[in-house]
Number of protein chains: 2
Amino acid sequence: MITFFREKLQEKGLKVTPQRVAIYDAIVKLNNHPTAENVIEYIKANHPNISVGTVYKVLDSLVENNLLKKVKTEKDIMRYDAVLSNHHHLYCAETDRIEDYEDEKLNAIINDYFNANLIKNFRVQDIKLQITGKFTNTIK
Amino acid sequence: MITFFREKLQEKGLKVTPQRVAIYDAIVKLNNHPTAENVIEYIKANHPNISVGTVYKVLDSLVENNLLKKVKTEKDIMRYDAVLSNHHHLYCAETDRIEDYEDEKLNAIINDYFNANLIKNFRVQDIKLQITGKFTNTIK
DNA sequence: CCCTAAATAAGAATCATTATCTTTGAAGAA
DNA sequence: TTCTTCAAAGATAATGATTCTTATTTAGGG
């Protein structure tokens with residue numbers, strides 16, 4: 001996982017720094033679409049003097065280089081996702097809990113639909129479902 | 001349109017104030033999913049001394065009372081939508097332009113799919129498609 | 001091992017949004 | 001119509017996430 005990340009960084013011409021590795025690692029480990037704040041808190045244990053600005057800058061550059069994805073929510077706090085495969089999100093507005101939802105069959109149906117029904121004046125690049133509702137289990 | 005809004009306010013036990021009418025009117029007239037800032041600027045012409053806090057407070061309470069909807073974007077600025085019918089959004093990341101996309105046939109397909117394929121541990125309340133891509137026409 | 005551009009740290013600055021507290025005014029009651 | 005009252009608006013301070021600035025450090029190629 002970390003090796004993959006190191007390789008990706010080099011591929012993009014980005015230096016492999018302990019901060020970048022720690023931040024990426026935090027997103028993967030936290031795995032519940034953490035905020036920048038969550039990442040900072042998590043990292044503080046092993047990197048007590050990492051700078052807040054660095055975290056934001058690293059998150060930004062990783063998103064720009066397609067190593068992370070931003071997650072949209074109702075709130076004005078940005079959240080991040082290390083899962084890059086094409087997936088959707090289950091979102092509970094009450095608890096702000098977000099889970100990944102992968103469904104190849106659904107993707108196929110949607111792709112077929114949009115291939116058969118082009119949108120006037122718009123070229124589709126990506127389609128994401130925001131599935132809002134309630135989780136019926138407790139936090140895993 | 002404004003009459004509809006007045007009635008809705010009364011229905012919810014909210015007072016009909018010039019500010020609320022002006023803010024709602026601005027969202028409808030601007031009609032391109034404006035930010036709070038956009039609304040303030042637009043309103044300033046007729047209400048030079050409306051307070052910024054009031055605009056945010058009104059937007060919040062209108063969202064809470066289902067007279068407006070929040071629109072999620074990649075950016076950390078909240079945007080608002082007066083169109084309440086079940087619709088999706090076409091979004092261009094480059095220009096931040098957002099257009100409504102209504103498609104009953106698509107909604108039916110998606111609803112059928114999720115009725116036939118329940119998600120474990122999750123009760124779906126609403127599904128929105130975030131369709132990202134590029135507009136091939138100019139701003140209307 | 002050195003060099004240099006890239007990256008980080010520290011902390012100030014910004015910007016959207018929220019909170020506080022006083023004043024105003026919408027709308028039901030008299 | 002006027003009075004009363006509580007919700008709403010105004011002014012502005014505060015907050016909190018994010019961005020910017022500048023000096024310092026460091027990854028990694030030569």
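So you know, we letter chains A, B, ... as the sequences are listed, proteins then strands, and number each from 1. Just so it is clear, the values below take in all heavy atoms, side chains as well, and ignore hydrogens, waters and symmetry mates.
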Can you name the closest pair of heavy atoms from [X] and [Y] and give their distance?
{"X": "B:Arg79", "Y": "B:Asp96", "answer": "NH1-O, 2.6 Å"}
{"X": "B:Val39", "Y": "B:Ala26", "answer": "CG1-CB, 4.1 Å"}
{"X": "A:His88", "Y": "A:Asn107", "answer": "NE2-OD1, 2.7 Å"}

Open item on the list: Counting only heavy atoms and a strict 4.0 angstrom limit, can you tell me which residues of residues 50-61 of chain B come near DNA chain D?
Closed with: B:Ile50, B:Ser51, B:Thr54, B:Lys57, B:Val58
TODO: Can you sort out which residues in residues 6-16 of chain A have a heavy atom within less than 4.0 Å of DNA chain D? Ascending by number, please.
DONE: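 Here the set is A:Lys15, A:Val16.
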Any idea how [X] and [Y] line up, ring-wise: parallel (<30°), tilted (30 to 60°), or perpendicular (>60°)?
{"X": "B:Phe114", "Y": "A:Tyr101", "answer": "tilted"}
{"X": "B:His33", "Y": "B:His89", "answer": "perpendicular"}
{"X": "A:Phe135", "Y": "B:Phe122", "answer": "perpendicular"}

TODO: Could you name each residue pair satisfying side-chain hydrogen bond (donor to acceptor under 3.5 Å, both in side chains) that touches residues 37-63 of chain B, not counting sequence neighbours?
DONE: B:Thr35-B:Asn38
[X] has an atom [atom1]; how far is it from atom [atom2] of [N], in whole Å?
{"X": "A:Asn49", "N": "D:dT26", "atom1": "CG", "atom2": "P", "result": "10 Å"}
{"X": "A:Asn38", "N": "D:dT18", "atom1": "CG", "atom2": "P", "result": "10 Å"}
{"X": "A:Asp96", "N": "D:dA17", "atom1": "CG", "atom2": "P", "result": "13 Å"}
{"X": "A:Glu37", "N": "D:dT18", "atom1": "CD", "atom2": "P", "result": "8 Å"}
{"X": "B:Lys44", "N": "D:dG10", "atom1": "NZ", "atom2": "P", "result": "10 Å"}
{"X": "A:Ile40", "N": "D:dT18", "atom1": "CD1", "atom2": "P", "result": "9 Å"}

With distance as the sole test, does [X] use its side chain to make a donor-acceptor pair with the main-chain N or O of [Y] at under 3.5 Å?
{"X": "B:Arg6", "Y": "B:Val16", "answer": "no"}
{"X": "B:Arg97", "Y": "B:Asn32", "answer": "no"}
{"X": "B:Asn117", "Y": "B:Tyr113", "answer": "yes"}
{"X": "B:Asn65", "Y": "B:Leu67", "answer": "no"}

TODO: Name all pairs fulfilling the salt bridge (Lys or Arg N to Asp or Glu O under 4.0 Å) condition that reach into residues 113-125 of chain B, sequence neighbours left out, sorted by first residue then second.
DONE: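 Sorted pair list comes back empty.
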- [ ] Please report how far the helix from C:dC1-D:dG30 to C:dA30-D:dT1 bends, comparing the axis fitted to its first five pairs with the axis fitted to its last five, to the nearest 10 degrees.
- [x] 30°
Open item on the list: Between A:Asn86 and A:Lys128, is the side-chain contact (heavy atoms from CB on, under 4.5 Å) condition met? List the steps.
Closed with: CA-CA 8 Å; A:Asn86 189 24; A:Lys128 285 274 152 44; 3.4 Å; yes
Open item on the list: For chain A and DNA chain C, what are the first and last nucleotides along the strand, 5' to 3', with at least one atom under 4.0 angstrom from a heavy atom of the protein chain?
Closed with: C:dA5 to C:dT17
